[in-house]
Amino acid sequence: MNYVFPPPVQVAIPIAGSQRLFPVRRVYCVGRNYADHAAEMGADTREPPFFFSKPADALVPGGGDVAYPAATDNLQHEVEMVVALASGGADIQPEQALDCVYGYSVGIDLTRRDLQQRAKEKGHPWDMGKGFDQSAPIADIQPLAAVGHPAHGSIWLKVNGQLRQNGDLEQMSWKVAEIIAKLSAYVALAPGDLVFTGTPAGVSTVRRGDLLEAGIAGVGELKVRIV
Ligand code: MN
């Protein structure tokens, strides 16, 4: 190929119990999908879901060290179940949506809350609050055959051993099938897409040196050190 410089390396997530990798195309996120988190953000808890994106190269496969990002005094964690798609399409019906799923993982939607808040106030885009470098640590992906479609079970996050978020997947306002269907009404989904499905209440500010441990019952766990 006649590129003017080498193209970026394909971002990929390890698959649990396998030597194979899940190649990532796009990363979508759902805003406010647990009523208790919407309430703590001062938002209407009955609003339909809305979506934003992170760059695929913001993923941090397997977690580990994450550099404290520039330009913020308020870095916050949001533990989320992540859906990995093996197929896609546009205008997917909820009844067919789960057929697109390859598997599930645990992710942390790291957020520069001060930048996001300022963007909300001014009606500006959220990108700089949400889509920064290393803003999306993610555990290995569990294939469907291993975990099925998790619809209930604990979703939690600890900071330095202290439980900060402690919800249940059944609190999701919009379920996985509905999320895929609604998202596919805006954009054509494709193999390699990931969807972060929102966070329960308890988001809090973290600092350099903090250890974040997150998990979803039956799906996996993830550790991140802010350095
Ligand atoms: Mn989030």
Side-chain angles (χ1 to χ4, degrees), residues 13 24 26-61 63 66 69 72 74-85 104-120 124-139 150 154-159 164-176 178-180 182-183 186-187 193-206 210 212-216 219-222 224 226:
I13 312 296
V24 178
R26 295 180 182 171
V27 180
Y28 293 105
C29 306
V30 183
R32 289 178 208 140
N33 200 29
Y34 291 71
D36 55 354
H37 174 62
E40 77 178 347
M41 292 284 111
D44 183 344
T45 59
R46 292 159 304 164
E47 238 178 60
F50 64 92
F51 302 97
F52 59 93
S53 298
K54 294 190 185 228
D57 68 0
L59 292 163
V60 184
V66 167
T72 185
N74 192 3
L75 178 66
Q76 296 199 348
H77 54 77
E78 300 184 355
V79 60
E80 312 203 359
M81 185 166 77
V82 182
V83 184
L85 300 187
Y104 293 89
S105 188
V106 183
I108 303 176
D109 169 13
L110 288 172
T111 301
R112 294 193 283 209
R113 193 71 73 198
D114 42 1
L115 298 195
Q116 185 204 23
Q117 196 54 44
R118 230 170 289 155
K120 281 184 187 176
H124 288 172
W126 285 15
D127 299 49
M128 294 301 109
K130 287 289 195 179
F132 52 93
D133 298 337
Q134 297 194 291
S135 59
I138 183 169
S154 168
I155 173 169
W156 55 270
L157 185 143
K158 293 178 185 174
V159 179
R164 295 283 177 83
Q165 293 189 265
N166 188 20
D168 193 291
L169 294 177
E170 68 190 10
Q171 297 168 311
M172 288 170 66
S173 306
W174 300 88
K175 310 303 180 191
V176 171
E178 295 168 316
I179 290 168
I180 292 170
K182 287 187 179 292
L183 181 55
Y186 292 104
V187 288
D193 288 347
L194 297 177
V195 186
F196 282 60
T197 58
T199 198
V203 300
S204 72
T205 301
V206 294
D210 284 349
L212 282 57
E213 296 167 275
I216 298 174
V219 177
E221 296 192 5
L222 176 64
V224 166
I226 307 296

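One-based numbering, in listed order, for ligands and for the atoms of each. This one's a predicted model, so the numbers in the text were calculated from it and none came from an experiment.
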Residues which pass ring pair (Phe, Tyr, Trp, His ring centres under 6.0 Å) with [X], listed by chain and number, not counting sequence neighbours:
X      : result
Trp156 : none
Tyr34  : none
Phe52  : Trp126

| said: Apply side chain to side chain contact (heavy atoms under 4.5 Å, CB included) to residues Val224 and Val60 and explain how you reach the verdict. | reply: CA-CA 9 Å; Val224 166; Val60 184; over 6 Å; no
| Hey, are Lys130 and Glu78 close enough for a salt bridge, meaning a charged N less than 4.0 Å from a carboxylate O? | yes
| message | No waters, cut-off 2.8 Å: how many protein N, O or S atoms are close to the Mn ion (ligand 1)? | response | 3
| query | Does the side chain to side chain contact (heavy atoms under 4.5 Å, CB included) test come out yes or no for Met128 and Arg112, once each step is laid out? | reply | CA-CA 8 Å; Met128 294 301 109; Arg112 294 193 283 209; 4.2 Å; yes
